[in-house]
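Below: one structure, written as structure tokens.
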Amino acid sequence: MSELLQHPELIDYRMDEQICRITDNCKPEDFIKKECLDSLTGDQLYQVKTAYIDDRTFIVLKSLLEPLTEIVTVEE
């Protein structure tokens with residue numbers, strides 16, 4: 001996904017396979033490179049907060065998120 005973003009630092013390897021909470025629905029044109037927008041028609045872009053990473057939020061495509069299959073409790 002980093003090759004699609006205007007600012008690749010908005011993603012991070014630490015978010016891979018982590019539980020996250022959607023905090024905002026973002027406009028793709030504000031974050032995705034113009035030449036990549038057409039390939040993402042129908043997808044959505046979210047700002048997410050990842051469990052156990054308190055120092056930042058991340059940007060992720062809806063198509064890359066996976067629904068939880070069970071109830072999960074995150075301790076803070």
Side-chain angles (χ1 to χ4, degrees):
M1 186 172 146
S2 63
E3 65 276 359
L4 303 175
L5 293 176
Q6 294 175 22
H7 305 285
E9 66 275 9
L10 295 173
I11 62 170
D12 189 315
Y13 72 93
R14 295 178 298 165
M15 67 185 291
D16 293 346
E17 304 296 323
Q18 297 298 312
I19 297 168
C20 64
R21 175 175 46 91
I22 295 171
T23 59
D24 199 7
N25 190 350
C26 303
K27 294 196 291 188
E29 57 271 15
D30 291 343
F31 295 94
I32 302 291
K33 293 178 184 174
K34 291 185 188 331
E35 62 270 19
C36 298
L37 282 173
D38 287 342
S39 66
L40 299 175
T41 302
D43 210 339
Q44 292 178 295
L45 194 66
Y46 294 126
Q47 178 181 16
V48 299
K49 180 76 177 134
T50 306
Y52 310 116
I53 301 176
D54 295 327
D55 63 335
R56 64 184 293 186
T57 58
F58 301 95
I59 298 294
V60 68
L61 289 166
K62 179 181 179 181
S63 60
L64 297 176
L65 295 173
E66 296 179 18
L68 294 175
T69 57
E70 57 189 54
I71 296 173
V72 177
T73 303
V74 177
E75 294 182 23
E76 302 220 18

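Here the straight-line distance linking atom OG1 of T57 with atom CG of D24 works out to 9.0 Å at 0.5 Å rounding. We find the CD1-CG distance between I53 and D12 to be 6.5 Å, quoted to the nearest 0.5 Å. Rounding to the nearest 0.5 angstrom, the gap separating the CG atom in L4 from the CZ atom in F31 is 14.0 Å. To the nearest 0.5 angstrom, K49 atom NZ is 12.0 Å from Q18 atom CD. If you take OG on S39 and NZ on K33, they are separated by 11.5 Å, rounding to the nearest 0.5 Å. Here M15 contributes atom CE and R56 contributes atom CZ; the two are 9.0 Å apart, rounded to the nearest 0.5 Å.
Closest of all the heavy-atom pairs between T50 and F58 is OG1-CD1, 3.2 Å. Listed here is the closest heavy atom pair of C26 and Y46: SG-C, 4.1 Å.
When side chains are defined from C-beta on, L40 does not count as touching S63, because their heavy atoms never get closer than 4.5 Å. Taking 4.5 Å as the limit, every side-chain heavy atom of P28 sits out of range of all side-chain heavy atoms of D43.
For K62, the NZ atom counts as loosely surrounded, since its 6.0 Å shell holds 12 or fewer non-hydrogen atoms of other residues, nucleotides or ligands.
Residues passing the salt bridge (charged side-chain N to carboxylate O under 4.0 Å, His left out) test with D55, sequence neighbours excluded: R14.
Looking only at distances, no side-chain donor or acceptor of Q47 sits under 3.5 Å from a matching main-chain atom of I59.
When each of N25, D30, I32 is paired with L45, the side chain to side chain contact (heavy atoms under 4.5 Å, CB included) condition holds for I32 and for no other.
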